[in-house]
There are 2 protein chains.
Amino acid sequence: MIFIMFFSTFEYKHFIGMSKCEQCIIRQFNSLKALTKDELIRISGCKTSRTVKKGDIIFEEGDSINGVYCIKDGVCKLSKLSANGKDQIVKLVVKGDLLGQRSLIGDESANLSAVALNDMEVCFIPKSEIMSDLENNPKFTLDMLQQMAHDLKESDNVIVDMAQKSVKNRLADVLLYISEHFGTDDADYLSITLSREDYASIVGTATESAIRILSQFKKEGLISTKGKQIRIEDHEGLRRVE
Amino acid sequence: MIFIMFFSTFEYKHFIGMSKCEQCIIRQFNSLKALTKDELIRISGCKTSRTVKKGDIIFEEGDSINGVYCIKDGVCKLSKLSANGKDQIVKLVVKGDLLGQRSLIGDESANLSAVALNDMEVCFIPKSEIMSDLENNPKFTLDMLQQMAHDLKESDNVIVDMAQKSVKNRLADVLLYISEHFGTDDADYLSITLSREDYASIVGTATESAIRILSQFKKEGLISTKGKQIRIEDHEGLRRVE
DNA sequence: TTTAAAATATGATTTTTATCATGTTTTTTA
DNA sequence: TAAAAAACATGATAAAAATCATATTTTAAA
């Protein structure tokens, strides 16, 4: 037990999940910002914090979630297994987002699975706490409602794109979306790296098709790659893809 | 002006949109049921009621809606024009549903167009009234949130189906969905009649493809038709379509 | 009620995408 | 670090769906 002595206060709190919600900047990015100081302190007292390794399952379709995850760091995919046995990625969830709120509000088991795309750090807030805030803090509920309205709009737009755009067009869109929403590193590579299979699973196509199209984009000078990493070389060109 | 004398009190109120929300059973089917009697009386005083003819546009993409519609009778489609010039139907909205709440909550112009599929009767409640209730009645906001969570789940599931199922499979699903959600008439025909173009626009395919597949379903004895009307002859068969 | 327009229907053809097959590269693990 | 596994790549072929063309039927309008 001697090694505990080397932990600083910060590291110790961090390790066992005792860092304070009131002082956490992450909450500014989601509906938790609408909570009062007292509510945050209460949540701080019952939340748990944990790390999730790349590839780990946070929850699966059908699981009872019983709470909400606040993503402190990392990225995960929300996907659903279709009848033909293929996974369809519905949404990418990143640092600052909440996870599991839909199931919690609908009082249902998870409709989607959440799997980490890189190492993550997440806080888990039990259902009872969130529900009590939803019932008593109208600002919080309204903020949650606004966020859900935004998600619904995005989902509707994805339906239209799925139905009306070609696979090539959708794949170009995904690259642009990732670039615009999640940014790039210092060498302009997309900050989120996905496997070709993941790209196929977002676009809703066969893995081979996704690979083929990315190769074509490369030949046409629209993108370049370094291993799994992708850099967009011609944004306008990608936008023109049909 | 003499004809006004023939109107009964009921008809008169009905005509100029003065029937009372407190007494309207339709609200039991949507979030308005969470409002208090006082709130309903207040809304009654400022809502307007109108009829919409088949084919009429209730609102279009980009319109500022400035309120919420409560569907007293009839059905409409929510659609979006895609880049290739085709309309994609995202959702069917029926008697009892609310319309426009997403744009109102997000404080945005309409993302979708709403067009009547048959003659409709709708009440319009101005934005200010709804917003004040959202800010002051947590039960109402929570109910709205739960409804929105449900819509989001449905949208996510549509994305998966769009991406992973064949056109034939999706068309079979739509027929079953309409049958299960909107019911049939006394002769078992689907109570909602859609053009082949509308079916194509829900499924996300070419009109000719939708026509062809419906013809095939007919040949296979899965459905029968009488003009535009469709009757499902073999539910299990439709469910097995791949 | 005749005519025009729209919706339905179906064939032929092309395009898009999936599937199968096989090889190469990269990553993981023993 | 060598072997195994996973991911990537690409060709050949098949299947699905779109497009174009052209009737026919139904509906709406003059």
message: Quick check on DNA chain C: between A:T205 and A:G227, whose nearest nucleotide comes earlier from the 5' end?
response: A:T205
- line: Nucleotide by nucleotide, nucleotides 8-14 of chain D touches protein heavy atoms under 4.0 Å in the pattern (B base, S sugar-phosphate only, - none) SBBBB--
For atom [atom1] of [X] and atom [atom2] of [N], their distance in whole Å:
X      : N      : atom1 : atom2 : value
A:M162 : D:dA17 : CE    : P     : 15 Å
B:N84  : D:dA17 : CG    : P     : 17 Å
B:K168 : D:dA16 : NZ    : C1'   : 9 Å

query: Hey, does B:Y69 have a side-chain heavy atom less than 4.5 Å from the side chain of B:I58?
result: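 Heavy-atom side-chain distance check passes, below 4.5 Å.
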query: More than 12 heavy atoms of other residues, nucleotides or ligands under 6.0 Å from CD of A:E197: is that the case?
result: no
- prompt: Is the number of heavy atoms from other residues, nucleotides or ligands within 6.0 Å of CD (B:E242) greater than 12?
  reply: no
- prompt: On DNA chain C, which is the earliest and which the latest nucleotide, 5' to 3', with an atom closer than 4.0 Å to a heavy atom of chain A?
  reply: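 That gives a stretch of C:dT17 to C:dC20.
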Under 3.5 Å: donor-acceptor pair, side chain of B:R196, backbone of B:E208: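 No, B:R196 side chain to B:E208 backbone: no donor-acceptor pair under 3.5 Å.
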- prompt: What's the shortest heavy-atom distance between B:I223 and B:E233, and which atoms?
  reply: C-CG, 3.7 Å
- request: Run through A:E220, A:K218, A:K219 and flag the one making a side-chain hydrogen bond (donor to acceptor under 3.5 Å, both in side chains) with A:Q216.
  value: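 Looking at A:E220, A:K218, A:K219, the match for A:Q216 under the side-chain hydrogen bond (donor to acceptor under 3.5 Å, both in side chains) is A:E220.
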- prompt: Hey, mind stepping through A:N84 and A:S82 against side chain to side chain donor-acceptor pair (under 3.5 Å) and telling me if it holds?
  reply: CA-CA 5 Å; A:N84 66 22; A:S82 70; 2.6 Å; yes
task: Could you walk me through whether B:D185 and B:S191 pass side chain to side chain donor-acceptor pair (under 3.5 Å), step by step?
output: CA-CA 5 Å; B:D185 65 18; B:S191 58; over 6 Å; no
